[in-house]
Structures are given as C-alpha cells and as structure tokens.
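Heads up: the structure comes next, in structure tokens.
Per chain, numbering begins at 1; letters A, B, ... match sequence-line order.
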Amino acid sequence: MNSRRIHVIRRGAPSQGPVLYWMHRDFRAADNWGLTHARMQALRSGQPLAVVFCLASAFPGATRVHFNFLLQGLQKTAQALNQENIPFIALRGEPGLEVARFAREHKASLVVTDFDPLRIKARWIEDLLLACDQPLHEVDSRNTVPARIVSNRREFMARTIRPKITRLLAEFLDEFPILPVHPHPWPTTIVKPEFALPQPKSGDKAGRQALLVEPGEHAGRALLQKFLKEKLPFYMNRNDPNHDVCSNLSAHVHFGMLSAQRVVLETQRMGLAGENVDSFLEEIIVRRELSDNFCLHTPDYDSVAGFPEWASESLHKHRNDPRPAIYSAEEFKEGKTHDPLWNAAQTQMLLTGKMHGYLRMYWAKKILEWSPTAADALNTAILLNDRHSLDGRDSNGYTGIAWSIGGVHDRGWTERPIFGKVRYMNLAGARRKFDVDRYVRSWTAPRDGAST
DNA sequence: ATCGGCTCGCGCAA
DNA sequence: TGCGCGAAGCCGAT
C-alpha cells in the first residue's frame, strides 16, 4: 500500500509484540487502509494482530439511536474480522486511556489508528500518547486522497482544493490489497464482545424508524449497489426532496461502514459516466475532502470564529436587525415554527435520522434568520444535527452548517437584513424548485391523539 | 423562461 | 496588476 497514507505520530524502534489497530472512525473490516497497514506490519514482523474499539462512556451529542447503529454494525465487523483470524476487542471508558492500557498490558509493538480532524479525537490521541510508549501510526481511510496530503492549509473553496485532489487521484485511487487470513493467532483468550444494545422504548418513533435502516458494512455495500443501479440515472433530480434519488449512504459513510474510495472504485468498475456521475463523484470526493480540510485547519470549526472575515463583519453589522421571529431551542426541536416547510424538514430528521441535502441548507439558514445571534443559530443547528441526524458529529455536518450560516467556502451576495452578504434562501426559491406542499404533506407530524 | 447584477478573493496569466 | 470564476440563490427586467 502507498506509504504516503501513513502519518507517523510517534516513531519507535522495531520491537517484538503484537500490533493493534485502534478503530474509532472507520468501522469496517473491508476497504480499510488503517487495518491494511496494521495487517501488513504484523505479517512482516510475524506477530498477532487485534482490532481494538473503545465505547466512549460519554460522546457529546450522541444518542441511543447512534449507539445502536454503531454497535449493530460493529457486530458484523467483528464477525468479518473473526474470519480473518483477527480478534475484535471491545473496551469501555476513556478511549485513549483504555487503548493505551491495553497496549501496555499486551506489550504491543505498534498501534495504528484512524485519522479524524475533530477535536475530541485529537484529545483521545493525546491521552494515548501520554499513557503509553508505543509507536503510533495514523492512517486516513476516510478520504481517497489523505487529507494531510491534499493540502497543508485551509482551502478557500471547492475550486481551490479540486485541482489538488484531481492531481493526486491517479496515485491514490488504487484497489485495496487482498491479504491472507492472519497466520499468527492472538495468544490469549478473548472475551467475546458483548454489546448491550439498548432497545428503543415503545412509543419511541425516532428510535424505531432510524433502525429501519440496516446498519453494517455489508448493508452499506448493498445500499451502494442499489443506488448506482436504480437512482444515479435520475440524480439530476437530487435537489427535489420529493424524488427518492439520493444515495442515503451518509449514515454508513459517516460511521465508516462504507469507504468513500470503494464508492468511487465501484462507480468506475460499473463503467458509469455522464453529468449525473460527475455530480455524485464531486460530492463523494471533493466536498468530503473539503469538509475534512476545513475541520483539520480550523480549530473553531464549530464556532463563529471559523467564519471568513467578510461574513463575520457582515453578520456583525446586521446583528441588531429585527428578526421576523425568534424561536427557542425547544421550539426548533419540536418543529414548531411558523414555516411548514421548515417544520416538515425537522420532522423528517426527528423521525428518520436524516434530512434531504437541499433542505439542510434551507433549514440552517432559517435558524440564522430566527435566532437572536449568528452564534446562537450555529449552536442550535449543530446541536440539532449532532443529536438527531444519524450522520451528525461529522466534519461534513460542521462544514455544511458553517457554509449555510457563516459563508464558509462561499462568496458574498446581495446584502440584506440579518444575513448581510451571506447567501440567502427563502420559500419562494424552494417553490421554484419543487412541490413544497407535497413534501410538507408527507412530513407533517400527526397530532397527539389523532387517528392514523 | 432567461438574463444580469449583486459581491468577494483566490489563483493564474501577463 | 488584471481577470475569470466559483457548493446548491434571489430578484427584477425582459
């Protein structure tokens, strides 16, 4: 495999001892460069290999629905690893500390882990570095071209990162190697991981509906096949939420149950081409890379401090503009605004764990319009998305919301109240693009006590 | 239905 | 230094 995918965080003299792969972003056994690197190192040194996962006791914003999706997927991943003679070890607690403890106890010679630009992951990795002496390698399995290779600074917009990615695609869009079943068995008995899966309470619509999505890496590949065959030909309708043409892959991709690189390879293998394919590849390659680039090079990726200068100034200038309405966090959450389209989008997210791509922009921009300040709006949007979207707590989410509210990766537009020069969107625009009333009818929450 | 203006700054050509 | 152009638009003129 291309050694440029490997970012050495801590070097170490070669030593005898098992290799650990600490999985915390790319939750899959297949198409995983981090696991591939760990396996190849263990093969080379003739050592056993284990995959270690630690269930964080506290993961801000995550809910039972998220944990269910993750843990059900991990059961499949553990089975797949078992076929490869690689044990899957589930720990619980503070991830960096627990993985370090495990590495010390088993005298590991190397720890390999996933790349992730979010702050919480940087803290976990710092914890691990302080709590053990093992060398640590980080591998970017989330992006086709590793984020650290694409660019070493914050990119201005998609236009500036696109040529940098395109130049490197020939080098990094390669097939994942097939490796032998691992020949060196783990020396000690592994307690089979037991995930206590909290079941949705009866009457918990959100929990039930979100779980109708089949989790796991096999399900992710099946969804991909279905999308490429049945929906991609109609992808020109992607901005119409009444059309079921979106990939619906974001939850699987967010949890790393499906590799973005596999998506690209599979699209190519099927010989697909044309405008629809170009649009889809732009999303799965360029926009994803841009999101990781934004979070990697913007410490305040979830704060107004991360907004570009022109947008911050403009929003500040309009901070005292009268708002047509101000809603509390609770009113937003319950979908109790005056705008039926906004309420419908919010309801769709609450019930299914996802929101249509076009509506995400509209939804976030209206939160800006109906909040006391841009900072309040950003907090509200991030809180709701992290908590209720299955693909929340992802660089994509922080970047998309920063685009909507703070003009990140966008340019200025006609100055107007509240928004200043940040791009404005309204109901009239939505009506021009699709049948708003039809969408609203399909996602109007039934009132309590109403018959169905 | 379609067009131009709004508005900013990067990256490239010169 | 000048110029083209961009992550999803709006609005008024024609």
Side-chain angles (χ1 to χ4, degrees), chain A residues 143 150-167 234-243 245-247 250 253 260 275-295 297-298 301 306-318 321 324 339 341-342 345 354-369 381 385 391 394-434 436 439:
Chain A
N143 299 289
V150 170
S151 171
N152 54 18
R153 61 188 183 87
R154 173 173 164 173
E155 290 296 326
F156 184 67
M157 38 174 37
R159 170 166 58 91
T160 62
I161 202 174
R162 190 178 298 112
K164 297 182 181 180
I165 296 168
T166 311
R167 260 201 304 277
F234 308 99
Y235 205 56
M236 62 286 233
N237 297 319
R238 65 189 172 280
N239 282 341
D240 183 342
N242 291 316
H243 275 89
V245 300
C246 292
S247 66
S250 69
V253 172
E275 269 181 43
N276 287 334
V277 177
D278 292 346
S279 305
F280 176 62
L281 291 180
E282 167 81 10
E283 286 170 14
I284 198 75
I285 303 173
V286 176
R287 294 186 197 178
R288 278 172 59 75
E289 299 258 4
L290 187 58
S291 294
D292 257 23
N293 172 273
F294 175 67
C295 291
H297 298 288
T298 312
Y301 56 77
F307 293 175
E309 208 44 34
W310 65 265
S312 291
E313 272 174 27
S314 194
L315 288 168
H316 184 73
K317 186 179 158 197
H318 290 270
D321 290 356
D339 178 351
L341 176 58
W342 196 95
K354 63 194 177 196
M355 189 187 298
H356 186 276
Y358 171 82
L359 289 171
R360 288 182 173 212
M361 301 184 277
Y362 178 87
W363 174 88
K365 283 179 182 292
K366 290 299 153 185
I367 295 177
L368 170 61
E369 195 173 349
N385 185 59
D391 63 3
D394 189 294
S395 60
N396 280 334
Y398 300 119
T399 308
I401 290 170
W403 178 88
S404 301
I405 294 176
V408 168
H409 301 147
D410 204 4
R411 57 175 164 138
W413 298 84
T414 313
E415 192 167 358
R416 61 172 64 240
I418 306 171
F419 286 80
K421 290 168 183 170
V422 173
R423 185 195 300 256
Y424 175 67
M425 287 175 78
N426 65 1
L427 196 56
R431 287 200 191 283
R432 255 179 261 124
K433 289 176 187 65
F434 64 95
V436 168
Y439 174 78

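Note on ring orientation: taking the six-membered ring where Trp is involved, the planes of A/W363 and A/W342 are parallel (angle under 30°, cut-offs 30° and 60°).
Distance alone, capped at 3.5 Å, places no donor-acceptor pair between the A/T298 side chain and the A/G306 backbone.
Close approach of DNA chain C to chain A, defined as any atom under 4.0 Å from a non-hydrogen atom of the protein, starts and stops at C/dG4 to C/dC11.
With respect to the salt-bridge test (charged N to carboxylate O, under 4.0 angstrom), the residues A/E313 and A/K421 do not qualify. A salt bridge links A/K164 with A/E155; the closest basic N to acidic carboxylate O contact falls under 4.0 Å.
Nucleotides C/dT1 and B/dT7, compared at atom P, are 24 Å apart to the nearest Å. The separation of C/dC5 from B/dA14, taken at their P atoms, amounts to 14 Å, rounded to a whole angstrom. Straight-line distance between the P atoms of B/dA1 and C/dA8: roughly 23 Å, to the nearest whole Å. Spacing of P atoms, B/dT2 relative to C/dA7, comes out at 23 Å, to the nearest Å.
Expressed to the nearest 0.5 Å, how far CZ of A/R162 lies from CZ of A/R287 amounts to 8.5 Å. Here CG of A/L290 is found 7.5 Å from CD1 of A/I165. Values are rounded to the nearest 0.5 Å. Atom CD1 of residue A/I418 and atom OH of residue A/Y424 lie 8.5 Å apart, to the nearest 0.5 angstrom. Distance OG/A/S279 to CE/A/M236: 10.0 Å, rounded to 0.5 Å. Taking CD of A/E369 as the start and CD1 of A/I367 as the end, the distance is 11.5 Å to the nearest 0.5 Å.
With sequence neighbours left out, A/N276 forms a side-chain hydrogen bond (donor to acceptor under 3.5 Å, both in side chains) with no residue at all. With sequence neighbours excluded, the residues satisfying ring pair (Phe, Tyr, Trp, His ring centres under 6.0 Å) with A/F280 are A/F227, A/Y235. By the side-chain contact (heavy atoms from CB on, under 4.5 Å) test, A/K365 is found to be paired with A/W403, A/S404, A/F419, A/V422, A/R423, A/M425, residues two or more places apart in sequence or in another chain being considered. Partners of A/H356 by side-chain contact (heavy atoms from CB on, under 4.5 Å), not counting sequence neighbours, listed by chain and number: A/P241, A/C246, A/Q348, A/Y358, A/L359. Legend: residues meeting side-chain contact (heavy atoms from CB on, under 4.5 Å) with A/T399, ordered by chain and number and at least two apart, are A/S291, A/F294, A/C295, A/H409. Contacts of A/H297 classified as side-chain contact (heavy atoms from CB on, under 4.5 Å), with partners at least two apart in sequence or in another chain: A/R154, A/N293.
Note on A/M425: only backbone sugar-phosphate atoms sit closer than 4.0 angstrom, heavy atoms only; bases stay farther off. Across all strands shown, A/Y424 has heavy atoms under 4.0 Å from sugar-phosphate atoms exclusively, and none from any base. A/R360 comes within 4.0 angstrom of no nucleic acid atom, judged by non-hydrogen atoms across all strands. Using a 4.0 Å heavy-atom cutoff across all strands shown, A/T399 reaches at least one base atom of the nucleic acid.
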Strictly under 4.0 angstrom, non-hydrogen atoms only: write out the protein contact profile of nucleotides 6-14 of chain B, one letter per nucleotide from the 5' end, B, S or -.
BBBBBS---
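Looking only at side-chain heavy atoms (C-beta outward), A/L427 and A/L341 come within less than 4.5 Å of each other. With contacts defined as side-chain heavy-atom distances shorter than 4.5 Å, the pair A/D391/A/V253 does not qualify. A/N396 has its side chain within reach of A/R288: a pair of non-hydrogen atoms, C-beta onward, lies under 4.5 Å apart.
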What's touching nucleotides 2-4 of chain B from the protein side, N or O pairs under 3.5 Å?
none

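The stretch residues 236-243 of chain A has no heavy atom under 4.0 angstrom from DNA chain B at all. Taking every heavy atom of residues 281-291 of chain A and every atom of DNA chain C, pairs under 4.0 Å involve A/R287, A/L290, by number.
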Dot-bracket for DNA chain B, 5' to 3', Watson-Crick and G-U pairs with both distances under 3.5 Å, [ ] for crossing pairs, | for partner on another strand, reads ||||||.||||||.
